[in-house]
Amino acid sequence: MSRFILALDRAIDSDTLKELSRHLHGVKIGIPLILDIGVDGVEDLLSCCRWGEVIFDLKLADVSSTMVATVSRIRDMADSVIAHAFIGVAGALDGLKLYLDDHGINLYLVAAMSNPGWNADLYYGLLREIISHIDPYGLVVGATYPRYIGLARRDFPDKVIISPGIGVQGANPGDAVCSGATYEIVGRSIYQSRDPVESLKSMIDQQNRKIRNCSSGVSDLS
Ligand code: BMP
């Protein structure tokens, strides 16, 4: 086990996935994978392994009824789903949160993206208000904005923070955890590698080394 979540945006063979799963906290299922192999294909793929957490990242940013209809298609497979916070509360996140609470599914809200064009200074304060109102299970904060991981950890000490942007997008293993994230999300650096299992093991070594040197600020595992 490690503090990694695999972003699965492309199918990989189930033997490799099984071996990877032994070293992962969880898996994040992306829309490209669902479009490639369908919902049944995803269910098949996931059945190879025991997961600490299965997160569906359906890029939810819509009115409540559409988000609920979307989540209802995968609800038996999902421990958690991710939605955008910017869509606001009334008629959007309020209805989604009610539905998820009724079905025992965790909600993560995006507090800061990882892409270079994300204007964290402009958006963080606004999103923080919405996040406080909805009181989700956790937050998504890009690993490429460590300052905002620190702010989110300070503002939301009890939330699980998951952080994409490790590897191809430029952040190094352990960076986000040392800034206050609970788990780090990695995709292409693993599933596009010639040897995904070796690549993951090497990233876990880097993550552990980094965490050992910063352990005073590291958040507890939930
Ligand atoms: P990769 O390690 O291949 O860059 O994958 C990162 C994953 O996290 C992708 O599934 C991407 O859609 C997602 N993601 C991200 O990279 N930045 C964000 O701000 C939010 C995301 O969901």
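Counting convention: from 1, in listed order, for ligands and their atoms alike.
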Aromatic ring proximity Phe4/Tyr183, centre distance under 6.0 Å =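 No; Tyr183 has its ring centre 6.0 Å or more from that of Phe4.
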
Going by heavy atoms in the side chains, are Met113 and Tyr145 under 4.5 Å from each other?
->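 A side-chain contact is absent here, since even the closest heavy-atom pair is not under 4.5 Å.
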
Does any non-hydrogen side-chain atom of Pro173 lie less than 4.5 Å from one of Ile204?
->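 Side-chain contact under 4.5 Å: no.
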
Under the side-chain hydrogen bond (donor to acceptor under 3.5 Å, both in side chains) rule, what pairs show up with a residue in residues 196-205, not counting sequence neighbours?
->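 Of all non-adjacent pairs touching residues 196-205, those that pass side-chain hydrogen bond (donor to acceptor under 3.5 Å, both in side chains) are Ser193-Ser199.
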
Atom pairs and distances, side-chain donor-acceptor, residues 80-99, under 3.5 Å, sequence neighbours left out:
| from | atom 1 | to | atom 2 | distance (Å) |
| --- | --- | --- | --- | --- |
| Ser80 | OG | Glu53 | OE2 | 2.6 |
| Ser80 | OG | Asn106 | ND2 | 3.4 |
| Asp94 | OD1 | Gly91 | N | 3.0 |
| Asp94 | OD1 | Ala92 | N | 3.3 |
| Asp94 | OD2 | Gly91 | N | 3.2 |
| Lys97 | NZ | Asp101 | OD2 | 3.1 |
| Tyr99 | OH | Arg75 | NH1 | 3.3 |

Using a strict cut-off of under 4.0 Å between a residue heavy atom and any atom of ligand 1, list the qualifying protein residues by chain and number.
->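 The 4.0 Å shell around ligand 1 contains Ala7, Asp9, Lys28, Asp57, Lys59, Met113, Ser114, Pro164, Ile166, Gln169, Val186, Gly187, Arg188.
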
Which residues share a salt bridge (Lys or Arg N to Asp or Glu O under 4.0 Å) with Asp195, sequence neighbours left out |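 Partners of Asp195 by the salt bridge (Lys or Arg N to Asp or Glu O under 4.0 Å) criterion come out as none, since no residue qualifies.
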
